[in-house]
Amino acid sequence: MEHLPTPKDANVTPIDIPYACRTDYDRGPFLSYPSRRGWKLQPDGSLDLLPMPSWFRNPQETGSDGPTFAETAAAQRLDADNYDGDYGPRFINMDDFDDDDGDDEDDTIDVDADDEEDGGADGADDDDDEDDDDDDYEELDCFIQTWLFFGCLIEIFGIVGIHVRESDFIRDNKYITTAKLPRLIEEWEAREESSSEGNSLLSVGHTERHAEWEGRAKTKAGRYLMIIEVLEKVQSVVKKHCYGEIGPYGPNPPGWGVEPKISLSIMALGCSLKNAASSIYDPNMPRTRQLWGTSDILTGRFDNGGWCDGELNALMNTVEIDGIYYFGSLQSPRALSKENHNDCSLQACVSTIDTTSYETRHAKKCLDCKCLMFGDPVAVAAIVEEKAIPLVLWTGSELKVVKYDSESKQKYLAISHVWSDGMGNQKDNKLPQCQLESIHNMINSLYSEQRQGQHEEHLSDPQQPVEQSTDLDKSVGFWMDTLCIPVSESPQLASDRAQNLRKDAIAKMRYIYETAHEVLVIDSWIRELSRSASIIEKATRIFLSNWQHRLWTLQEGVLAQRLFSNLRTDHRALNSSDANKKEGAEEKSLAAKVLPILEVVTRRKTSRLTDETICIATLLNFDEETIRKNLDLRSPGERMRAFLKILGAFHQDIIFSEFPKLQTPGFRWAPHSFLNQEGSLWPESTTELSERERSDHFGVLASSGGLHVTFTGIKLRAVKENTERLMCVVPYHDEQNMYGVLLMEKLTNWSPENHYGIISSAPIHGAVGTLHVYSGA
């Protein structure tokens with residue numbers, strides 16, 4: 001596992017992978033290795049042993065099939081793991097459960113027990129059985145590691161002419177090592193860059209194959225397909241046996257008898273090689289997450305990092321093995337904040353910040369924490385009342401408030417931060433002097449670097465080149481929500497006036513962040529990074545940061561012309577997504593534009609659910625008046641209904657969403673919220689659809705309420721009155737056959753006058769003549 005990156009100075013115990021092989025890989029064709037070794041691979045990926053040992057069969061019924069070798073070994077290993085006693089796992093003959101002897105007595109199973117205490121003679125036999133069990137494990141471990149680890153390495157690198165020695169991947173004759181894998185991948189890439197079509201790169205040590213195989217190896221495309229075939233076979237086997245849902249104590253993969261560390265090493269190797277192949281042969285293809293399986297060894301690395309179950313589950317379902325391995329060495333940034341994770345579950349992290357007890361913090365380096373609070377809520381309110389943008393500037397002794405002049409060349413910077421870092425204020429437009437000085441220093445440092453002509457190191461290309469600063473930039477005003485959005489609890493403002501002005505300021509958020517010359521991200525976890533940190537560590541800090549998980553910061557990052565983050569020693573430019581329509585791009589409806597936004601916001605959180613539709617509407621470029629009207633609505637449900645009416649349509653698969661629904665008639669198809677919900681937004685049958693594929697199936701929101709959708713389905717009618725569960729299928733054509741349907745639950749508000757049906761998000765393959773296209777609201 002040495003080829004996988006880990007954070008610098010990470011205090012994590014390395015995972016030692018046992019070397020279990022008894023013989024070297026025979027270097028023959030990879031796919032047929034099981035049959036050469038007397039094993040059989042079933043089409044579904046399960047393993048069987050050829051020939052079947054006699055002790056796997058019932059002696060009385062030698063013709064019947066017993067459990068497969070892998071299934072029995074898995075049952076034994078799992079059974080052994082579940083007991084702490086001094087007895088070993090046992091074989092259980094399932095035929096003994098059959099009560100077919102004609103008597104009325106219950107049959108029992110006689111399982112060999114350790115009879116030493118009774119002086120029985122079975123103790124020696126038990127010891128022999130345990131030795132046999134260990135041999136079973138070792139045989140399975142040996143076969144799997146030889147084939148799926150060493151065989152995979154030898155076959156793939158052999159295709160591109162690199163001779164792999166097994167000894168290069170063995171340490172101390174006891175453990176597996178992958179320290180040399182990165183160098184081999186670099187050589188692989190170099191060989192393909194210098195290769196010419198029609199010339200084979202095959203290793204001189206490979207066994208001669210059939211003519212078609214040899215011919216495919218002479219082209220780059222052919223080699224790519226051959227490599228993918230090998231990796232897909234490896235993936236199908238480990239995915240079959242090592243992939244499962246995350247349970248209360250880690251993942252629950254389907255069991256097989258292979259040592260978990262060996263399984264993990266095969267998953268990690270396959271994932272790395274497949275990523276390398278994609279990068280070498282198809283670099284322009286967008287990366288998609290590979291499913292290689294789950295491992296309780298990996299999830300165990302998160303135990304002491306303060307990760308909640310919901311967050312860990314989300315990582316397991318979105319990040320590949322190399323990322324999970326890396327993240328497991330870190331502490332969750334949520335563990336450092338004052339979030340409450342008591343209500344989090346495996347399905348979702350629903351942590352919240354208690355806004356009622358929120359306290360503004362002093363800067364980290366503030367020693368006495370007695371510095372004064374500065375701000376001017378009266379001046380801010382006056383500027384907002386003029387429908388303008390208030391800017392603030394710290395002079396070292398006071399906080400000046402000025403109005404942004406859109407007609408001049410005045411530039412300003414907008415701050416994007418997370419309130420969990422303590423830079424918010426629920427009661428007034430003020431911050432401690434230490435925080436203002438910290439922000440002032442960060443801004444001056446950023447513009448100082450630009451004035452000196454320093455070249456930024458970008459995590460990805462910024463949208464615009466850095467411009468030379470002028471004298472106007474020497475004292476840069478900035479906008480920050482804490483200081484520039486009126487607070488209703490401010491003692492210097494009337495509550496009603498402050499509340500109305502607050503709504504006006506929030507409605508201008510898009511204009512504020514789009515107009516800002518730059519946006520500076522302030523996140524305490526990101527700020528711990530140093531200039532010398534690796535690109536992997538920088539990307540990881542941003543990906544896991546609180547800033548990346550909050551709803552408001554999404555629009556602030558997306559709308560930025562240029563996005564910077566403050567590190568410990570300097571600043572780094574981040575890439576921001578352009579929310580505006582690109583030149584020549586196809587015009588889309590609001591219903592189509594909202595789909596990619598929803599895919600992102602489902603992984604974000606906010607302390608106030610009423611903010612959800614405001615942020616989404618801002619990203620969709622709703623006009624300020626529309627957003628302002630939505631702000632006048634009090635409850636999240638009211639705002640969601642108003643938002644959906646403006647969209648006018650929605651993808652019809654939403655009716656199958658597992659998210660909690662609104663309870664208002666006409667909107668019971670719609671989720672109450674899209675944020676961080678348990679379950680899936682889309683039905684499983686359409687989860688993998690691309691945005692383009694999904695864009696063709698929109699339902700229209702009826703003026704009287706309801707979403708008008710069209711699906712394949714089966715129409716039902718009541719068999720007789722007052723029957724709430726028994727239905728019959730309405731035939732599509734005149735048919736003599738009638739089909740009955742017994743519903744599992746009673747229908748609510750059942751009436752014989754109502755029309756009922758079963759609809760499906762996927763085509764129904766059933767009896768011809770019973771299918772209808774269901775269209776209704």
Side-chain angles (χ1 to χ4, degrees), residues 1 3-4 17 25-34 39 41-47 143-164 166 169 176 178 180-189 191-192 195 201-203 206 209 212-213 216-217 219-243 253 256 258 262-295 319-325 688:
M1 304 280 283
H3 72 285
L4 297 179
I17 310 299
Y25 183 68
D26 64 9
R27 297 182 181 267
F30 177 81
L31 299 181
S32 59
Y33 179 76
W39 291 73
L41 188 68
Q42 301 289 355
D44 65 353
S46 60
L47 295 171
F143 167 71
I144 290 296
Q145 191 175 74
T146 304
W147 180 36
L148 300 182
F149 187 86
F150 287 105
C152 177
L153 278 170
I154 290 169
E155 182 80 356
I156 287 176
F157 284 105
I159 290 172
V160 295
I162 301 174
H163 182 73
V164 171
E166 280 138 311
F169 289 84
I176 294 294
T178 57
K180 293 185 178 181
L181 183 60
R183 181 184 60 78
L184 288 173
I185 292 176
E186 290 177 2
E187 184 179 350
W188 173 10
E189 185 175 14
R191 281 176 173 267
E192 287 294 7
S195 67
L201 299 178
L202 288 172
S203 168
H206 89 282
R209 312 289 174 85
E212 180 185 355
W213 192 94
R216 292 170 65 193
T219 67
K220 192 172 183 178
R223 290 190 291 272
Y224 184 29
L225 290 176
M226 293 164 68
I227 289 169
I228 292 300
E229 284 177 1
V230 172
L231 291 172
E232 286 183 346
K233 175 55 68 176
V234 177
Q235 189 174 13
S236 70
V237 176
V238 296
K239 184 179 174 183
K240 161 78 177 179
H241 295 284
C242 301
Y243 188 77
W256 67 342
V258 178
I262 293 177
S263 299
L264 175 59
S265 68
I266 294 169
M267 291 184 244
L269 175 69
C271 182
S272 297
L273 291 178
K274 198 163 188 180
N275 285 335
S278 299
S279 176
I280 293 170
Y281 297 104
D282 203 357
N284 297 323
M285 177 64 70
R287 283 276 300 273
T288 57
R289 176 175 174 265
Q290 304 177 44
L291 297 178
W292 284 90
T294 52
S295 167
V319 181
E320 292 183 354
I321 290 175
D322 51 357
I324 296 297
Y325 186 79
E688 302 300 325

Run the numbers on Cys152 and Leu231 for side chain to side chain contact (heavy atoms under 4.5 Å, CB included), then give the verdict.
-> CA-CA 7 Å; Cys152 177; Leu231 291 172; 4.0 Å; yes

Start with the C-alpha distance between Lys274 and Glu232, add both sets of side-chain angles, then the distance that settles side chain to side chain contact (heavy atoms under 4.5 Å, CB included), and finish with yes or no.
-> CA-CA 9 Å; Lys274 198 163 188 180; Glu232 286 183 346; 4.1 Å; yes

Please report the C-alpha distance between Trp292 and Val234 in whole Å, then the side-chain angles of each, then the deciding distance to 0.1 Å, and finally whether the side chain to side chain contact (heavy atoms under 4.5 Å, CB included) criterion is met.
-> CA-CA 9 Å; Trp292 284 90; Val234 177; 3.9 Å; yes

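The shortest distance between side-chain heavy atoms of Ile176 and Phe150 falls below 4.5 Å. Residues Ile156 and Trp188 have side chains in contact (heavy-atom distance under 4.5 Å, counting atoms from C-beta outward). Contact check for Leu273 versus Phe157: side-chain heavy atoms found under the 4.5 Å cut-off. Annotation: side chain of Glu166 is not in contact with side chain of Leu153 (no heavy-atom distance under 4.5 Å). Considering only heavy atoms from C-beta on, Asn275 comes within 4.5 Å of Glu320 through its side chain. Between Ser278 and Tyr224, some side-chain heavy-atom pair lies under the 4.5 Å cut-off.
In terms of modelled atom types and a separation under 3.5 Å, the side chain of Thr178 and the main chain of Met1 share a donor-acceptor contact.
By the 30° and 60° cut-offs, the orientation of the rings of Phe149 relative to Phe169 is perpendicular.
Atom-to-atom distance recorded for Glu186:CD and Ile280:CD1 is 10.0 Å, nearest 0.5 angstrom. Note that the OG atom of Ser272 and the NE2 atom of His3 stand 3.0 Å from one another [nearest 0.5 Å]. To the nearest 0.5 Å, atom CG of residue Leu4 and atom SG of residue Cys271 are 8.5 Å apart. The CD1 atom of Ile262 sits 11.0 Å away from atom CG of Leu148, with the distance rounded to the nearest 0.5 Å.
Salt-bridge formation is detected for the pair Glu229/Arg216: a Lys NZ or Arg NE/NH1/NH2 atom is positioned less than 4.0 Å from an Asp or Glu carboxylate oxygen.
Between Tyr281 and Glu192, the side chains place a donor N or O and an acceptor N or O closer than 3.5 Å (distance only, hydrogens not considered).
For Lys180, the salt bridge (Lys or Arg N to Asp or Glu O under 4.0 Å) partners at least two apart in sequence or on another chain are Asp168.
None of Phe30, Tyr25, Trp39 except one satisfies the ring-ring contact (aromatic ring centres under 6.0 Å, His included) rule with Trp147; the exception is Phe30.
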